Structure formats: C-alpha cells, structure tokens
Amino acid sequence: MAIVLYARKSVERENSISCETQLAYCRLAVRPDEREETLIPLVDNGFSGGNVQRDGFQKMMGLVRQGKVSKVIVYKLDRISRSLSDFVKILQEFKEHQVEFVSSQESFDTSSPYGEMLVKLLMVFAEFERASIISRVTQAYVHRSQMGFYMGGRRPYGFELVPAVIHNIQTKKLRPIPSEAEQVQYIYRTYAQAGMSLRQLQQKLLAEGRQPLHGSGWTTAKLSALLKNPLYVKADSDVYRYFDCRGTQIVTDLSLFTGENGAQLYGRTKHDPGNPCWSDMRLVLLTHPGLVDSPVWLQCQQKLEKNRRIGNSASNRTSWLAGKVVCESCGHTMTTVKGKPNRNGQVRRYFHCTGKTHKGTCTGPKATIYAEDLERLVYDCILQKLADLKDPGRFAKSRDLPGANSLKLRIAAIEKAEQQLVDALLAGGFHTEMLALANQKAAQLKRDKQALYEQLEKLACREEGAGTAIKLAEAWTTAGYTQRKAAAGMILHKILIRPDGSVKILWNL
C-alpha cells in the first residue's frame with residue numbers, strides 16, 4: 001500500500017505556496033510508523049480547483065480505485081477541490097476504499113461524524129472563497145476593459161505589445177508593426193473589392209506570396225477573424241452607429257469616436273448561425289492608432305454579413321422579411337409557416353422559431369407572430385425611417401468631408417438622447433406637467449437633429465454640386481416584393497422577437 005502526497009496550484013503568484021513547498025508539508029504529516037510506506041507525490045500545477053479534470057488528481061483516483069492507496073495527504077482541503085459537491089463525492093469514494101484522508105494544516109478525523117461535518121463545513125468556506133475570487137477577477141477584467149486596456153492574450157497580427165502607463169497603471173498597449181500593418185491594409189482593400197470572396201482572397205494572397213510574417217499560412221477562417229476585428233478600424237461616428245444599431249453596449253463616450261483609434265470587443269455572444277450578434281458584447285476604444293479607414297472596414301463587414309445570411313429562410317418568398325426575423329431567446333432565424341384554416345377558411349402565415357422546430361433548443365415566443373401583422377408594423381417603421389432621411393448615398397459619401405464626422409457624432413448623441421427619453425416614457429410614472437415637458441424636449445431634439453442633417457447635406461452639396469433629395473418614402477410605398485426585400489436587406493439588420501412577443505428592430509442606417 002502507498003501513501004499519496006497530493007499538491008495543486010492554480011496559477012503562478014509570488015505570494016502563493018508552490019507545489020514543492022506543499023509536498024514538503026505533506027511529508028511532515030507522515031507518521032513515524034509509516035516511514036517504510038511508499039510515498040507517491042502527485043502534482044497538478046496550473047489547474048483550477050473548480051473541477052476534477054486534472055492529470056495528477058485522476059492518476060491518484062485511479063490508484064485509489066485499484067486498492068493501492070492507504071492514505072492521501074494534502075497541504076489543505078481546498079487543494080483537492082473547491083467544489084463542495086465534488087469534494088463530498090471524493091470523500092465518499094475514499095471511505096469506500098478505506099483510504100484515510102489527511103490535511104497537514106487542518107486537524108480532523110474523517111472517520112467520525114463530527115470530523116466529517118467539520119470537513120464539509122470547511123469546504124463550504126472553500127467554495128465560497130472560489131466564488132469570491134471568480135467575482136473579483138471578473139469585475140477587475142470589466143473595469144480594466146472599460147479603462148481602455150488591451151485585454152487580449154496573444155498579440156493580434158499587425159501589432160506588437162509594448163509597455164505603457166494608462167491611468168497611472170503599468171500595462172501594455174498595441175503598436176503597429178509597419179510590415180504587418182501593410183499586409184492588414186492590403187487584405188482589407190482587396191476584400192472590399194466587388195466580387196472578392198474569402199476563398200479568392202486566400203488564393204490571391206497565396207499566388208502573390210503574401211503569407212503571414214509569422215506563424216502558419218492564411219486560411220479563410222483566419223482572414224474572416226481578421227476582417228471582423230474592430231482593433232484595425234479607425235473608429236469614427238459610422239463605426240459607432242454600426243455597433244449601436246446592433247445592440248452593442250458602447251463603453252467609450254460617443255465624442256471620442258474621432259476616426260483615429262482602434263476599438264476592442266469583449267464579452268460573450270449568443271450563438272447565432274445566421275447573423276452576427278453583438279448584444280451581449282461591449283465595445284471600448286483603445287489607445288492605439290487604427291490601420292483601416294472606416295468606409296473600407298464597414299464595407300468588409302457588409303460583405304461578411306451577407307455571406308452569413310444562408311439557409312432556406314433567406315430564399316423564402318413567403319415574406320419580404322425572410323432571413324431578418326430572429327428569436328431573441330435562442331438567436332435562431334424564424335421562418336414563415338402556414339397556420340390552420342380559421343372558421344372562414346382563411347389561412348394565415350406566422351413566424352416560427354427554427355430553434356424550436358429543428359434544434360429543439362427553444363420554446364419560442366409565447367405570442368403568435370403573424371407575418372402580415374409584422375410586415376405591416378415594419379413597413380410603417382421603415383416608412384418613418386425613410387421620411388427622416390436624405391439621400392443615403394450622399395450621406396455615406398459625406399463621411400470623408402471635413403467636419404462631417406463631428407456633425408454625425410452630434411446627430412448620434414441626439415438619437416441617443418431621444419432613445420433615453422422614449423425609454424423613460426415607456427417606463428411610465430410621468431404626471432401631466434412632466435409629460436408635456438417630455439414632449440417639448442422630444443420636439444426640440446427632432447428640430448436639432450434636422451438642423452444637423454441639413455448642415456451635413458450642405459457639406460455634400462458643396463462637394464458634389466446642388467441636387468435634389470431622393471424621395472425615398474415615396475419609392476418605398478410603390479415598391480414590390482423584390483424591391484422591398486432588397487431594401488429591407490440594406491435598411492434592416494435584424495428584427496428581434498422577444499419571448500413575450502414584442503418586437504425590437506435593429507437598423508443598418
């Protein structure tokens with residue numbers, strides 16, 4: 001029979017006890033009459049105590065199950081596990097195989113009910129400490145991210161990590177590497193060309209000998225990840241609008257999107273096979289200079305998103321909203337199906353969650369979303385949206401004009417204030433006088449926004465010559481199925497159907 005000396009350490013820290021020191025304490029716990037026993041030291045260095053999938057631990061349990069172990073000695077209880085449920089199972093398995101369990105720093109007798117109770121009580125505190133550590137680490141990560149620190153692991157292609165002091169804190173920042181930065185800019189310019197696919201881009205880079213200056217060769221997956229990364233964009237008002245329309249939580253103040261610095265996304269996204277979903281993500285500006293102009297970066301995003309709109313829903317001709325309607329609960333696209341005839345023999349179409357029918361992973365919205373009703377609602381919303389817009393082509397071209405970004409930042413700030421006012425009104429609690437003031441504020445915001453749009457229009461007119469605004473609203477009312485579907489593809493990012501059946505529209509404009 002052997003005695004196992006087990007040590008575990010999650011990460012290397014200056015003030016934490018090394019595995020070698022833990023084993024030394026374990027040897028001191030060996031009784032004089034056990035000196036002739038075989039000692040088997042097992043170590044898990046760099047493993048968390050939150051789970052039991054550790055090489056040294058699994059080897060120890062294997063020896064226990066084979067009946068080759070008489071005693072297990074650890075430095076402290078939490079070296080075995082920080083999960084109470086796991087620890088109870090481990091302790092039970094030790095008892096079944098008549099294995100004595102000893103902690104060199106905590107005295108108890110696991111053979112008695114009282115000792116077993118003390119062990120479990122100590123494990124409750126160990127599990128609480130683990131949860132507290134996770135909470136502190138998470139909060140620190142979020143805080144450092146919001147301060148503009150680069151939170152990635154390996155350096156992104158095109159940059160090197162250099163020491164920096166941000167907000168009086170020693171950290172690292174990104175600095176462009178000229179040779180790699182030129183490669184990145186070339187990749188964006190090439191992919192933005194009409195008709196260029198990721199596969200064609202990969203083949204073109206290979207044919208021209210433009211391989212990464214470090215690591216393995218380009219793949220379509222690597223190129224896609226690079227092209228989607230906002231670290232490379234010179235983030236301006238248009239980039240702010242792009243992420244804001246997709247529900248991203250933008251940490252950095254709107255006024256700082258001046259078209260100079262790159263940005264970083266952090267957080268976790270919902271799995272969405274048909275559309276990118278940034279609603280659980282946060283965007284923060286970093287201190288490094290961007291490499292790619294926003295028009296080129298945004299054009300690449302439009303192409304990438306178009307590539308992701310696949311599946312039968314996109315070719316479904318039963319609704320011009322096909323491919324745009326998404327279940328918020330599971331992130332899957334909703335398709336139109338025919339319902340049963342009513343008393344009058346009428347058959348109505350309604351949107352059904354594919355996550356419920358095909359995947360079995362979602363219960364779908366509680367309310368029935370009839371296609372005609374949703375189309376009518378979105379039709380009216382688009383009509384209102386178009387009525388407030390000037391020529392979108394001119395608006396897009398104005399992004400390079402002097403002063404245009406500043407005007408669009410002010411427009412975005414007003415739109416943000418309008419949304420906050422709408423949210424406050426929907427929350428209720430306003431008395432008559434306050435409601436009147438809110439309406440006045442809303443009217444003033446609309447006038448201010450219109451004035452800014454007119455200034456932006458004048459900039460474009462001076463650059464391109466006088467012209468008449470396209471009557472988009474009128475064109476929309478006379479559009480047919482094909483035209484509406486094409487327009488919806490450009491205007492709408494997605495239509496989220498919430499669990500209660502309410503609707504949230506995310507715009508591309």
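Because the structure is a prediction, the values reported are computed rather than measured. Sequence positions, counted from 1, serve as the residue numbers for this chain.
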Please examine the side chains of [Y] and [X], heavy atoms only from C-beta on, and report whether any two atoms are closer than 4.5 Å.
X      : Y      : answer
Asp44  : Tyr6   : yes
Thr248 : Leu265 : yes
Leu174 : Leu161 : yes
Val4   : Ile73  : no
Pro230 : Val239 : no
Leu198 : Leu227 : yes
Leu226 : Tyr188 : yes
Met1   : Gln98  : no

Applying side-chain contact (heavy atoms from CB on, under 4.5 Å) between Leu5 and each of Lys71, Arg27, Met60, report the one that passes.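 It is Arg27, the one option of Lys71, Arg27, Met60 that forms the side-chain contact (heavy atoms from CB on, under 4.5 Å) with Leu5.
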Are any of the side-chain nitrogens in Glu328 or Lys504 under 4.0 Å away from the carboxylate oxygens of its partner? no
Taking the basic N atoms (NZ, or NE/NH1/NH2) and the acidic carboxylate oxygens, is any pair closer than 4.0 Å for Glu37 and Arg31? no
Kindly say whether [Y] contributes a backbone atom to a donor-acceptor pair with the side chain of [X] at under 3.5 angstrom?
X      : Y      : answer
His288 : Leu231 : yes
Lys324 : Leu492 : yes
Arg65  : Glu93  : no
Gln200 : Tyr191 : no
Glu160 : Arg155 : no
Lys303 : Gln193 : yes
Gln185 : Leu291 : yes

Working note: Trp218 + Leu201, criterion side chain to side chain contact (heavy atoms under 4.5 Å, CB included); need CA distance, chi angles, decisive distance, verdict. CA-CA 10 Å; Trp218 292 117; Leu201 174 61; over 6 Å; no
Which value, rounded to the nearest 0.5 Å, describes the distance between [X] atom [atom1] and [Y] atom [atom2]?
X      : Y      : atom1 : atom2 : result
Ser237 : Asp244 : OG    : CG    : 11.5 Å
Leu285 : Glu260 : CG    : CD    : 10.0 Å
Leu23  : Glu20  : CG    : CD    : 7.0 Å
Glu34  : Ile3   : CD    : CD1   : 4.0 Å
Leu205 : Tyr186 : CG    : OH    : 6.5 Å
Ile80  : Phe94  : CD1   : CZ    : 5.0 Å

Please give me the minimum heavy-atom distance between Gly364 and Cys353, naming the atom from each residue.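 Residues Gly364 and Cys353, closest heavy atoms: CA-CB, 4.3 Å.
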Determine the minimum heavy-atom distance between Gly158 and Val184, stating which atoms define it.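 Distance-wise, the nearest heavy atoms are CA-CG2, 4.3 Å.
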Please indicate whether Arg199 has more than 12 foreign heavy atoms, meaning atoms of other residues, nucleotides or ligands, lying under 6.0 Å from its CZ.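 Open.
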Answer yes or no: are there more than 12 heavy-atom neighbours, outside Arg175 itself, under 6.0 Å from its atom CZ? no
Apply ring-ring contact (aromatic ring centres under 6.0 Å, His included) to Tyr25 and list each qualifying residue two or more places apart in sequence or on a separate chain.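 Only Tyr75 meet the ring-ring contact (aromatic ring centres under 6.0 Å, His included) criterion with Tyr25.
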So Phe243 and Trp297, would you call those rings parallel, tilted or perpendicular, with 30° and 60° as cut-offs? tilted
Could you check whether Tyr157 and Tyr232 have their ring centres less than 6.0 Å apart?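 No, too far apart.
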Any cation-pi pair here, Arg8 with Phe57, using under 6.0 Å and within 45°? no
Is it the case that the side chains of Asp236 and Ser294 hold a donor-acceptor pair, with the cut-off being a distance below 3.5 Å and no angle test?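 On atom types as modelled, these side chains qualify, holding a pair under 3.5 Å.
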